[in-house]
Trainee: 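Attaching a single structure in structure tokens format; questions to follow.
This chain uses plain numbering: 1 for the first residue, then up along the sequence.
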Amino acid sequence: MVGVSSLTPGEYIALKRGDLLTTGELSAATQETIHVIGLDEGPCREPSQNCVVALANALGIDDERRLSALAELWLQVAMSRAGSSSNIPRSETDINAWVEVARHAYAYLFFTERSPGERAFEDRQMQVRDYYNYAVQQVISGLFQQNIAATETSAGLSAYDTPTLAGWNITTDIAGLHFADDNDVPEELIPASSLVFSGLRSTYRRDGFGAELVAVMDDSLALHRARVYSEMPFPALTALLHFPGEDLAQVLSTDALDVIIRNPYQDDSIELHGQQVPLAANFTAGYGLWLAKSGFSRQALRSLLGQRQGISRPHLYMMQPFDPERRVILMLHGLGSSPEAWVNVDNEVLGDETLRQNFQIWQVYYPTNMPLALNHARIRSTVAETLQQFDPTSETLASQGIVLIGHSMGGVLARLMVSSSGDSLWRLVESHDLSQEQLTLVQEHLGNR
């Protein structure tokens, strides 16, 4: 007998869009595919790799249904091996299971009858894209951990060396990727999706293809090298896995795997198999992680009170890798404050597509217990030295029309930086009886103006 009952809107959406990642249960689409070909009473009665093999060999369903279901079934296998979907895969067998998730999702997206654009409004495509993105996150995290472990046991290896994985011939493409120093490598890769922040009004990201990651760099290196600037110690990355092949059969049988890493501030899309595909990105995660780990609030108060563990001179922080084609927004905080003063302003600028494409943010962190004249001179010197490092000819857009934003004491400093007193202040100084040291300091200050 056939019965009927009603669903609430919430139940309907959960039924249509729920899957292994959101509810812990196979999606309705995958269960339906298993039922249609009669595998629910056989190899797919219980979750196992036998179900994957049976579905791959079954007749009577089209490639779209088969591949989307296989991607989710491989996801089930990979998650069962890990014990938890959030665990980084450690063994090559575990990493291989995640590679198969990505491979079958990739095949569905690019090597079935319809293009991704023709399925743009379908829930199923969004689910499969999520399987791919999550699998890439797991694969890249696992390979990175393997490389880090290898460098600790062998002095001849570098964390930048191409990773190895049994059964795969891996190549890497890191075009456009830049860290503060070419020889620096991340200490850790953190999935942006695993981070939740308090104190930030919004999280800004871009939907698309690829895994959103944050690279954790050693921020102390800038201080050890006596530099006046630091590039963002938690830069955002977008990672992809590319499976070479001209048709579906080649993609499903290839042992070649391309690991692609992109800077989402520079690249908003990538061409794959003749199609321009938007790249996923998270523009808040790295910035929020930096502030959360900085300890700025206590350090700023120590600096104001002249206590230990404060700072003694200005330091410039670049919120993203230097881009000669983006103008600089230079931010100066106020008395007893730090870069945390700009927490939501920065985040809004980073999250706005138009502003992000045209501006890059520099923040100056300075000791607010120092005299204005001294901070002014040193901040000017810090900015000039940073520009000299990245744009020695001063011909790029970044060196022209810098925008200054100051709050409280920072507003006074910003006003000084765009003002000129000519020689009137120097004549005033000459009329007073100052020591040579004081004269030198004032001369340096006025010379910078």
Trainee: Could you tell me whether a side-chain N or O of Ser80 sits under 3.5 Å from a main-chain N or O of Gln76, the two making a donor and an acceptor?
Mentor: yes
Trainee: About how many Å separate CZ of Arg114 and CG of Asp63, when rounded to the nearest 0.5 Å?
Mentor: 12.0 Å
Trainee: Measure from NZ or CZ of Arg227 to the centre of the six-membered ring of Tyr229 and say whether it is under 6.0 Å with the direction within 45° of the ring axis.
Mentor: yes
Trainee: Under 4.0 Å between a Lys/Arg side-chain N and an Asp/Glu carboxylate O for Arg119 and Glu64?
Mentor: yes
Trainee: CG of Leu73 to CD of Glu100: how many Å apart, nearest 0.5 Å?
Mentor: 12.5 Å
Trainee: Checking Arg103 side chain against Val251 main chain: does a donor-acceptor pair fall under 3.5 Å?
Mentor: yes
Trainee: Around atom CD of Glu187, are there more than 12 heavy atoms from other residues, nucleotides or ligands closer than 6.0 Å?
Mentor: yes
Trainee: Apply side chain to side chain contact (heavy atoms under 4.5 Å, CB included) to residues Thr368 and His333 and explain how you reach the verdict.
Mentor: CA-CA 9 Å; Thr368 57; His333 59 78; 3.7 Å; yes
Trainee: Starting at OG of Ser253, measure out to CG of Asp247 and round the result to the nearest 0.5 Å.
Mentor: 8.0 Å
Trainee: Do Phe209 and Leu240 pass the side chain to side chain contact (heavy atoms under 4.5 Å, CB included) test, and can you show the C-alpha distance, the side-chain angles, and the key distance before you say yes or no?
Mentor: CA-CA 8 Å; Phe209 201 57; Leu240 306 168; 3.7 Å; yes
Trainee: With side chain to side chain contact (heavy atoms under 4.5 Å, CB included) as the test, would you mind laying out the steps for Ile402 and Leu387 before giving the verdict?
Mentor: CA-CA 11 Å; Ile402 295 176; Leu387 287 172; 3.9 Å; yes
Trainee: May I ask you to test the Leu67-Leu109 pair for a side-chain heavy-atom distance under 4.5 Å?
Mentor: no
Trainee: Minimum heavy-atom separation for Asn369 and Ser303, please, with both atom names.
Mentor: CG-O, 2.9 Å
Trainee: Could you label the plane-to-plane angle of the Tyr317 and Phe296 rings as parallel, tilted or perpendicular, counting under 30° as parallel and over 60° as perpendicular?
Mentor: perpendicular
Trainee: What is the ring orientation for His273 with Phe110, classed by angle as parallel under 30°, tilted 30 to 60°, or perpendicular over 60°?
Mentor: tilted
Trainee: Output the distance between atom CZ (Arg66) and atom CG (Leu248), rounded to the nearest 0.5 Å.
Mentor: 9.5 Å
Trainee: Over all heavy atoms of both residues, which pair between Phe359 and Arg326 is shortest? Give the atoms and the distance, please.
Mentor: O-CD, 3.6 Å
Trainee: Between Thr22 and Asp19 (side chain of the first, backbone of the second, donor and acceptor by atom type, cut-off under 3.5 Å), is there such a pair?
Mentor: yes
Trainee: Could you check if a side-chain atom of Trp98 sits within less than 4.5 angstrom of a side-chain atom of Leu75, using non-hydrogen atoms only?
Mentor: yes
Trainee: Of all the heavy-atom pairs spanning Gln127 and Gly18, show the shortest one and how long it is.
Mentor: NE2-O, 3.6 Å
Trainee: Can you check whether Phe390 reaches Met318 side chain to side chain, under 4.5 Å on heavy atoms?
Mentor: yes
Trainee: Would you indicate whether the side-chain heavy atoms of Glu92 and Gln146 approach each other to under 4.5 Å?
Mentor: yes
Trainee: Short question: side chain of Gln400, backbone of Thr396 - any donor-acceptor pair under 3.5 Å?
Mentor: yes
Trainee: Which value, rounded to the nearest 0.5 Å, describes the distance between Asn169 atom CG and Asp255 atom CG?
Mentor: 6.0 Å
Trainee: Rounded at 0.5 Å granularity, tell me how far CZ in Phe111 sits from CD in Gln250.
Mentor: 8.0 Å
Trainee: Hey, does Thr172 have a side-chain heavy atom less than 4.5 Å from the side chain of Pro163?
Mentor: yes
Trainee: Which heavy-atom pair separates Ala97 from Trp74 by the least distance, and what is that distance?
Mentor: O-CE3, 4.0 Å
Trainee: Using atom types as modelled and distance alone, determine if a side-chain donor or acceptor of Arg327 lies under 3.5 Å from a backbone N or O of Asn358.
Mentor: no
Trainee: Judged by atom type as modelled, is there a donor-acceptor pair below 3.5 Å linking the side chain of Glu340 to the main-chain atoms of Ser297?
Mentor: yes
Trainee: Identify the heavy atoms of Val349 and Ile329 that sit nearest to each other, and give their distance.
Mentor: CG1-CD1, 4.4 Å
Trainee: Indicate yes or no for a side-chain donor-acceptor contact from Gln138 to the backbone of Asn87 under 3.5 Å, with no hydrogens or angles considered.
Mentor: yes
Trainee: Checking side-chain polar atoms at under 3.5 Å, does Thr30 have a donor or acceptor matched by the opposite partner on Arg124?
Mentor: yes
Trainee: Just so I know, are the side chains of Asp62 and Arg65 near enough to count as touching, which here means a heavy-atom distance under 4.5 Å?
Mentor: yes
Trainee: Classify the side-chain pair Ser193/Gln137 by whether it contains a donor and acceptor separated by less than 3.5 Å.
Mentor: yes
Trainee: Tell me if the CD atom of Gln276 is crowded by more than 12 foreign heavy atoms within 6.0 Å.
Mentor: yes
Trainee: Short question: side chain of Asn347, backbone of Ser202 - any donor-acceptor pair under 3.5 Å?
Mentor: yes
Trainee: Side chains of Leu404 and Leu413, heavy atoms from C-beta outward: is any pair under 4.5 Å?
Mentor: no
Trainee: Using a 6.0 Å distance limit plus a 45 degree cone around the ring axis, check whether Arg378 lies over the aromatic ring of Tyr366.
Mentor: no
Trainee: Strictly by modelled atom types, are Tyr365 and Gln299 linked by a side-chain donor-acceptor pair under 3.5 Å?
Mentor: yes
Trainee: Mark yes or no for whether Glu72, through its side chain, and Leu20, through its backbone, hold a donor-acceptor pair below 3.5 Å.
Mentor: yes
Trainee: Going by atom types alone, do Asn96 and Thr93 pair a side-chain donor with an acceptor below 3.5 Å?
Mentor: no
Trainee: For Ser312 and Met370, work out which heavy atoms get closest and say how close.
Mentor: O-CE, 3.6 Å
Trainee: Counting N and O atoms only, with roles assigned by atom type, does the side chain of Thr254 sit under 3.5 Å from a partner on the main chain of Ala256, one being a donor and the other an acceptor?
Mentor: yes
Trainee: Could you check Glu353 against Gln357 for side chain to side chain donor-acceptor pair (under 3.5 Å), going step by step and ending with a plain yes or no?
Mentor: CA-CA 6 Å; Glu353 183 72 18; Gln357 292 298 324; 3.3 Å; yes
Trainee: Determine, stepwise, if the pair Met232 / Met319 fulfils side chain to side chain contact (heavy atoms under 4.5 Å, CB included).
Mentor: CA-CA 5 Å; Met232 170 54 72; Met319 296 294 99; 3.8 Å; yes
Trainee: Does the side chain of Phe234 come within less than 4.5 Å of Lys293's, by heavy atoms?
Mentor: yes
